[in-house]
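The structure appears right after this line, and notes come after that.
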Amino acid sequence: METSLPNIISALSVLFGVAVFHMGANANKVKEALAIDKPPKEQVTTLKKQRSTIATTILLSSMPNFAMLGAISFVMLPQAVKHISTTKLSLINFDFMITLYQIIWIIVAFYTIASMVNIIKLVNKWFEFGKV
């Protein structure tokens, strides 16, 4: 059963829009978690509370966003590879739908990488707070 490319692009665009909205909505939480300064060693309860805040941000904000974007990128990958291997690069004579699909895939991949970078930063911050 072959599904037409415009329908695939439409469905993926909606999913990508939801993922980007989620990423934007959680951007402030990630910034706040990254801006937390480590308290002195003597303030053990504050240290544990802030470490818990960072872990919550990782699990409830960054990981779901990365999972959504990673899944979309993974689903789009076979069709993107097929297009890359079967079409020729032409700046004048190109298929609009295939080009649109490739652009969307590149943007999704970029956002997936950006989400992964946020997770890595948060995990590093979490480990930093674990060192007493």
Side-chain angles (χ1 to χ4, degrees):
M1 183 165 110
E2 185 80 19
T3 307
S4 66
L5 194 55
N7 292 337
I8 293 172
I9 290 173
S10 178
L12 290 172
S13 295
V14 170
L15 291 174
F16 179 62
V18 169
V20 169
F21 175 77
H22 186 266
M23 188 173 190
N26 291 317
N28 288 338
K29 291 179 186 176
V30 172
K31 286 180 185 176
E32 288 172 7
L34 290 173
I36 295 173
D37 292 326
K38 186 175 179 182
K41 294 179 184 179
E42 297 81 29
Q43 299 177 353
V44 177
T45 56
T46 306
L47 190 65
K48 287 182 180 180
K49 181 181 175 188
Q50 290 178 342
R51 191 167 195 243
S52 174
T53 302
I54 294 170
T56 303
T57 304
I58 292 170
L59 293 175
L60 299 180
S61 296
S62 294
M63 289 299 277
N65 192 55
F66 175 72
M68 282 189 290
L69 288 167
I72 294 169
S73 184
F74 182 74
V75 167
M76 291 181 76
L77 185 62
Q79 192 73 21
V81 170
K82 177 184 169 189
H83 291 156
I84 290 170
S85 63
T86 59
T87 59
K88 293 183 180 179
L89 179 63
S90 174
L91 297 176
I92 297 172
N93 186 19
F94 63 92
D95 185 355
F96 178 74
M97 293 311 287
I98 291 175
T99 304
L100 181 61
Y101 187 88
Q102 296 294 6
I103 290 170
I104 291 172
W105 183 72
I106 289 169
I107 293 170
V108 168
F110 174 77
Y111 273 96
T112 304
I113 292 168
S115 182
M116 187 179 359
V117 167
N118 279 341
I119 290 172
I120 291 170
K121 287 179 183 177
L122 286 167
V123 168
N124 284 339
K125 188 79 159 182
W126 184 76
F127 278 128
E128 175 188 325
F129 276 58
K131 297 175 186 172
V132 178

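Note: hydrogens, waters and symmetry copies are ignored here, and every other heavy atom, side chains too, is used.
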Under the criterion side chain to side chain contact (heavy atoms under 4.5 Å, CB included), I'd like the reasoning laid out for L69 against M116: C-alpha separation, chi angles, the key distance, then a yes or no. CA-CA 10 Å; L69 288 167; M116 187 179 359; over 6 Å; no
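- Residues I120 and L60 do not share a hydrophobic cluster, defined by chaining ILVMFWY side chains whose heavy atoms lie under 4.5 Å apart.
- Residues V30 and M68 do not share a hydrophobic cluster, clusters being chains of Ile/Leu/Val/Met/Phe/Trp/Tyr side chains in contact below 4.5 Å.
- A distance of 10.5 Å separates CG of N118 from CD1 of I58, quoted to the nearest 0.5 Å.
- A continuous path of hydrophobic side-chain contacts links I107 to M76 [ILVMFWY only; heavy atoms under 4.5 Å].
- In the hydrophobic clustering of ILVMFWY residues, with side-chain heavy atoms under 4.5 Å counting as a link, I36 and F127 come out together.
- Proximity of T53 to E32: side-chain heavy atoms (C-beta onward) are nowhere separated by under 4.5 Å.
- Distance NZ/K121 to CD/E128: 13.5 Å, rounded to 0.5 Å.
- Contact record, P64 with L59: CD-O, 3.3 Å, taken as the closest heavy-atom pair.
- M63 places a side-chain heavy atom less than 4.5 Å from the side chain of I119.
- Side chain of K125 to main chain of L34: a donor-acceptor pair is present (N/O by atom type, distance under 3.5 Å, no hydrogens or angles).
- Residues V18 and H22 have side chains not in contact (no heavy-atom distance under 4.5 Å, counting atoms from C-beta outward).
- Tracing side-chain contacts under 4.5 Å through hydrophobic residues (I, L, V, M, F, W, Y), one reaches I72 starting from L77; they form part of the same cluster.
- Counting all heavy atoms, side chain and backbone alike, A19 lies closest to N65 at O-OD1, 2.9 Å.
- The backbone N or O of K48 lies less than 3.5 Å from no partner atom in the side chain of S52, so there is not a single donor-acceptor pair.
- A donor-acceptor pair under 3.5 Å is formed between the side chain of S85 and the backbone N or O of V81.
- What you find for S115 and S62 is that their closest heavy atoms are OG-O, 3.9 Å.
- Residues I54 and L122 come closest through the heavy atom pair CG2-O, 3.5 Å.
- Residue pairs meeting the ring pair (Phe, Tyr, Trp, His ring centres under 6.0 Å) criterion with at least one partner in residues 51-87, sequence neighbours excluded, are H83-Y101.
- In plain terms, the two heavy atoms of A114 and M23 that are nearest each other are CB-CE, 4.0 Å.
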